[in-house]
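Proteins come first, then strands; the chains are lettered A, B, ... in the order of their sequence lines, and each starts at number 1. Any value given below was found using the heavy atoms of this structure, including those in side chains, with hydrogens, waters and symmetry copies removed.
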Amino acid sequence: MARVDDPLGLLPYETLRGQPLAVVLAPGQGVGFAWEGGSLAIPTADPTAVVARVADHDPRWVWWLARETALPLLEAGVRPRTCWDLGAVARLLWAVRREEPDAVWAAAHGLPIPAPEVRRPAMHGGPSLFELLDQDESNEGPIGPAGMLTRPWVNGFWAADPHAAQQWAELALQVQQIQATQLATLADPRAEPRQPPLPLLTALSESAAALLAVELGLYGLPLHIPTAEGLLRDIVGERPRDPAHEQALRQVRDDAVLQHAPGDAIDLRSPAQVRALLGSVGLTLPDTRSWRLEPHAATSPLVAALLTWRKAERVATTYGYSWLDRCVEAGETGGRLRGEWRASDGAGGRMTASAGLHNLPTELRSAVRADPDFTFVRADLGQIEPRVLAAVSGDQALAAAAREEDMYAPVAAALRCDRPTAKVAVLAAMYGQTSGAAGAALRDMDRAYPTAMAYLRSAEAAGREGRDLRTYGGRLLPLQAVVAHAELPQGAYGRFARNAVIQGAAAELFKAWAATVRDGLHQLGGRSGAQIVLCLHDELLIHVPSEHVDAAVEVLETSLAATTRWWAAGSGVRFVAEIATGPDWASAH
DNA sequence: TTCCCAACGTA
DNA sequence: CGTACGTTGGGAAT
């Protein structure tokens, strides 16, 4: 084992910039690198310090999973600029449900995806290195007889020493090269040859989104705890002192409804009991959903009280004091709401977040407040889905409409109807209408925008027939597997696919924009500077030092222009962002 | 204890 | 008009 004292002499620095460089951290042991043409093991007690020095040369970091490799780097203050996330790209290319290296490796080599390992009870956080060494296979290397990654390596044997990390980095680079090759085969040969192909660019932005997801989890959403407490007091009342007090307060809330109800007290949280109660006062309904109750609120004090109760109960249970205590951490500069972020979940390919980050009721949003000397800059993409439809389908007429600030106005003119009807018709077309509300306008859609409608219809047919599809950016929609295990009627998969090609492509555009914004914000104040703190499907919230607000607005606008230049190249579709600033989320509108 | 459903918040 | 996801509580299945 050659000891390496000067790592800065051994990497091909002059050619690193922008080039794939696989990195594997072996905490406390060292770091392994692999690039096209070589690999290296560097023993060091502080691997992140070595990575920080290499980062100055701005390679494209290749890692198995951002959560694993980028997290310790970010915690050590290293902000990687660009990356290639093997898990994220595997999801894009092969729709793997699991992003762990064993699944990614198997998918890359056309092998069956191994089942997830059954985790033993986390008494001591998984197997120790000793236990891993004990297992037979550990001396056999990372690849087993069937060509699969061996269990000890998947479980972390690569962290045993820098040479193991080096081998693991070499395998990462191999997978990266397989992914790059397959992405190239997806490219549209008719596309503009001077720019990188769309699937490759999508892979890069999906990778960046995976990194951003780690940053979002680490940074947290600034939330002013006293403001949140005040809002909760207004909506659900005082903070319970103990479980008995909580029970008493709950009873008070319930009684406000039950006083309007005849007979014995029922459990308002039980839909069946509520339905029976409503039946006893002459309201026979198929279910007790609020939109179904709404029409009766004016005539029934019971229904009115119940709807009010539901609203408060939602906040009390999901976004109440226990949520505040569990999910919001008090910090030096301000509270932080933290959840787990995923860069691309489910059929939609959207980002997801836990801890209520994606479904915070609007009335609580004024508690999302910037730190002192910081300001929020909020931006959202207007009418993103119909614009995406115009771009991905290549419908010239719809693209012409999408060049307007409000694209429903020209659509209404083309359909010879009013704007609200035009909007309903477009949405019904994209998501597969079931009721005949927009019938006439829909037929006019077929006449006015045949290319867009054909695109949607072909996606719907693929869904019904169980044929795999890819989104505009190249993300696999594994309809064959889904429909093979079908539990729902065929029409459901038709609607599902019709929606997935639009929602999915919109998610890809959004992430590409977010990745560009993230990169652009790097220049604004360094580590304690501007930071994306929330991604909400078509909306970005940025926490910015107040002196950089104008610059941040500029970054948002130039990033959108730069992103749509390649994403919607040649389509003639315009994408518009509405941008506002304010000290809290509610006021930044 | 585990799983599904109803309900509802967001986009 | 419809889709997606996360969270909660009840209630049935295990």
**Q** Please list, in numerical order, the residues of residues 351-368 of chain A that have a heavy atom closer than 4.0 Å to any atom of DNA chain B.
**A**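 Close to the strand are A/His358, A/Asn359, A/Leu360, A/Pro361, A/Thr362, A/Arg365.
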**Q** Any residue in residues 230-261 of chain A with a heavy atom nearer than 4.0 angstrom to DNA chain C? Just list them by number, or reply none.
**A**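 Nucleic-acid contacts, sorted: none.
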**Q** Within residues 449-477 of chain A, which residues have any heavy atom lying less than 4.0 Å from an atom of DNA chain B?
**A**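 Contacting residues: none.
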**Q** Between side-chain atoms of residues 405-416 of chain A and protein atoms elsewhere (two or more places apart, or another chain), which donor-acceptor pairs fall under 3.5 Å?
**A**
unit_1   : atom_1 : unit_2   : atom_2 : d
A/Glu405 : OE1    : A/Arg574 : NH2    : 2.8
A/Asp406 : OD1    : A/Gln383 : NE2    : 2.8
A/Asp406 : OD1    : A/Tyr408 : N      : 3.1
A/Asp406 : OD1    : A/Arg419 : NH2    : 3.1
A/Asp406 : OD2    : A/Arg419 : NE     : 2.8

**Q** With a 3.5 Å cut-off and heavy atoms only, can you find an N or O donor on one side and an acceptor on the other between the side chain of A/Arg350 and the base of B/dA11?
**A**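 Pair found.
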**Q** Taking A/Ala355's backbone N and O only, do any of them form a donor-acceptor pair with A/Trp323's side chain (distance below 3.5 Å, no angle check)?
**A**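 Yes, A/Trp323 side chain to A/Ala355 backbone: donor-acceptor pair under 3.5 Å.
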**Q** Please enumerate all protein N or O atoms sitting under 3.5 Å from an N or O of nucleotides 12-14 of chain C, with distances to 0.1 Å.
**A**
none

**Q** Could you state the atom-to-atom distance from CG of A/Leu536 to P of C/dC5 in whole Å?
**A**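 Rounded to whole Å, this separation is 15 Å.
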**Q** Where do A/Val388 and A/Trp567 land on the side-chain contact (heavy atoms from CB on, under 4.5 Å) test, with the steps shown first?
**A** CA-CA 10 Å; A/Val388 161; A/Trp567 198 86; 4.1 Å; yes
**Q** Write out all pairs satisfying salt bridge (Lys or Arg N to Asp or Glu O under 4.0 Å) with one or both partners inside residues 203-218 of chain A, taking only residues at least two apart or from two chains.
**A**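 Matches after skipping sequence neighbours: A/Glu206-A/Lys511, A/Glu215-A/Arg518.
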**Q** To the nearest 0.5 Å, how far apart are CD1 in A/Ile579 and CG in A/Leu556?
**A**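 So the gap between those two atoms works out to 5.0 Å.
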**Q** Could you state the CZ-P distance from A/Arg292 to B/dC8, rounded to the nearest angstrom?
**A**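 Between P of B/dC8 and CZ of A/Arg292: 11 Å.
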**Q** If you count every heavy atom of other residues, nucleotides or ligands that lies below 6.0 Å from A/Arg67 atom CZ, does the total exceed 12?
**A**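 Not buried by this count: 12 neighbours or fewer within 6.0 Å.
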**Q** To the nearest 0.5 Å, how far apart are CG in A/Leu231 and OG in A/Ser366?
**A**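 So the CG of A/Leu231 and the OG of A/Ser366 are separated by 4.5 Å.
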**Q** Starting at atom CE of A/Met430, determine the distance to atom C1' of B/dA11, rounded to an integer number of angstrom.
**A**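 The answer, rounded to whole Å, is 13 Å.
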**Q** Are side-chain N/O atoms of A/Arg310 and A/Thr288 paired as donor and acceptor at under 3.5 Å?
**A**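 Distance-only check passes for A/Arg310 and A/Thr288.
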**Q** Could you state the atom-to-atom distance from CZ of A/Arg310 to C1' of C/dG9 in whole Å?
**A**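 These atoms are roughly 12 Å apart.
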**Q** Indicate whether OP1 or OP2 belonging to C/dG2 is found under 4.0 Å from a side-chain N or O atom of A/Arg495.
**A**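 Looking at the OP1 and OP2 atoms of C/dG2, neither is under 4.0 Å from any side-chain N or O of A/Arg495.
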**Q** Ignoring hydrogens and angles, tell me if any N or O in the side chain of A/Thr318 forms a donor-acceptor pair with the backbone of A/Val315 under 3.5 Å.
**A**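 No, the answer is negative, given that no donor and acceptor are paired below the 3.5 Å cut-off.
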**Q** Quick one: does A/Arg369's side chain have a donor or acceptor within less than 3.5 Å of a partner on A/Gly335's backbone?
**A**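 Checked: no pair found.
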**Q** Measure the shortest side-chain to side-chain distance between A/Val281 and A/Ser300 over non-hydrogen atoms and say whether it is less than 4.5 angstrom.
**A**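 When only atoms from C-beta onward are counted, A/Ser300 and A/Val281 do not touch, as no gap falls below 4.5 Å.
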**Q** If I compare all heavy atoms of A/Ala261 with all of A/Leu302, which pair ends up nearest, and what's the gap?
**A**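 Smallest heavy-atom distance, with atoms named: CB-CD1, 4.1 Å.
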**Q** A/Asp538 has an atom CG; how far is it from atom C1' of C/dT3, in whole Å?
**A**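 It works out to 14 Å between those atoms.
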**Q** What parts of residues 576-589 of chain A reach DNA chain B, counting only heavy atoms under 4.0 Å away?
**A**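 DNA chain B contact set from residues 576-589 of chain A: none.
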**Q** Do A/Arg443 and A/Asp446 pass the salt bridge (Lys or Arg N to Asp or Glu O under 4.0 Å) test, and can you show the C-alpha distance, the side-chain angles, and the key distance before you say yes or no?
**A** CA-CA 5 Å; A/Arg443 278 191 297 282; A/Asp446 264 323; over 6 Å; no
**Q** Should the pair A/Phe374 and A/His543 be assigned to parallel (<30°), tilted (30 to 60°) or perpendicular (>60°) ring geometry?
**A**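 A/Phe374 and A/His543: parallel rings.
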**Q** Figure out the CG/P separation between A/Asn499 and C/dA4, and round it to whole Å.
**A**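 It is 6 Å, rounded to the nearest whole Å.
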**Q** Verify, without hydrogens or angle tests, whether A/Arg464 (side chain) and A/Gly494 (backbone) share a donor-acceptor contact under 3.5 angstrom.
**A**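 Pair absent, no side-chain N/O of A/Arg464 close to backbone of A/Gly494.
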**Q** Would you jot down, in residue-number order, the residues of residues 313-324 of chain A having a non-hydrogen atom under 4.0 Å from DNA chain C?
**A**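 Residues of residues 313-324 of chain A that come under 4.0 Å of DNA chain C are, in numerical order, A/Arg314, A/Thr317, A/Thr318.
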**Q** Between residues 264-282 of chain A and DNA chain C, which residues have a heavy-atom gap below 4.0 Å?
**A**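 Only A/Asp267, A/Arg269, A/Ser270, A/Gln273 qualify.
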**Q** Quick check: closest heavy atoms across A/Ala95 and A/Pro478, and the distance to 0.1 Å?
**A**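 Closest approach of A/Ala95 to A/Pro478, heavy atoms only: CB-CG, 3.8 Å.
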**Q** To the nearest angstrom, how far is A/Leu534 atom CG from B/dA11 atom P?
**A**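 To the nearest whole Å, that distance equals 10 Å.
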**Q** In chain order, what residues pass the ring pair (Phe, Tyr, Trp, His ring centres under 6.0 Å) check against A/His537, with sequence neighbours excluded?
**A**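 If we apply the ring pair (Phe, Tyr, Trp, His ring centres under 6.0 Å) test to A/His537, skipping adjacent residues, the hits are A/His358.
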**Q** What is the distance from CG of A/Asp345 to C1' of B/dA11, rounded to the nearest Å?
**A**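 Rounded to the whole Å, the gap is 15 Å.
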**Q** Please list all pairs meeting salt bridge (Lys or Arg N to Asp or Glu O under 4.0 Å) that have one or both residues in residues 251-261 of chain A, counting only residues at least two apart or in different chains.
**A**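 Listed by first then second residue: A/Arg253-A/Glu313, A/Asp254-A/Arg269.
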**Q** Mind running side-chain contact (heavy atoms from CB on, under 4.5 Å) on A/Val426 and A/Leu398 for me, showing each step along the way?
**A** CA-CA 10 Å; A/Val426 171; A/Leu398 197 57; 5.6 Å; no
**Q** What are the two closest heavy atoms between A/Ala402 and A/Val573, and how far apart are they?
**A**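 Minimum heavy-atom separation between A/Ala402 and A/Val573: CB-CG1, 3.8 Å.
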**Q** Report the residues that fulfil ring pair (Phe, Tyr, Trp, His ring centres under 6.0 Å) with A/Trp309, sequence neighbours left out, ordered by chain and then residue number.
**A**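 For A/Trp309, no residue satisfies ring pair (Phe, Tyr, Trp, His ring centres under 6.0 Å) once neighbours in sequence are set aside.
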**Q** Looking at A/Thr288, I'd like to know whether one of its side-chain N or O atoms comes within less than 4.0 Å of OP1 or OP2 on B/dA7.
**A**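 Answer yes for this pair, as a side-chain N or O of A/Thr288 is under 4.0 Å from OP1 or OP2.
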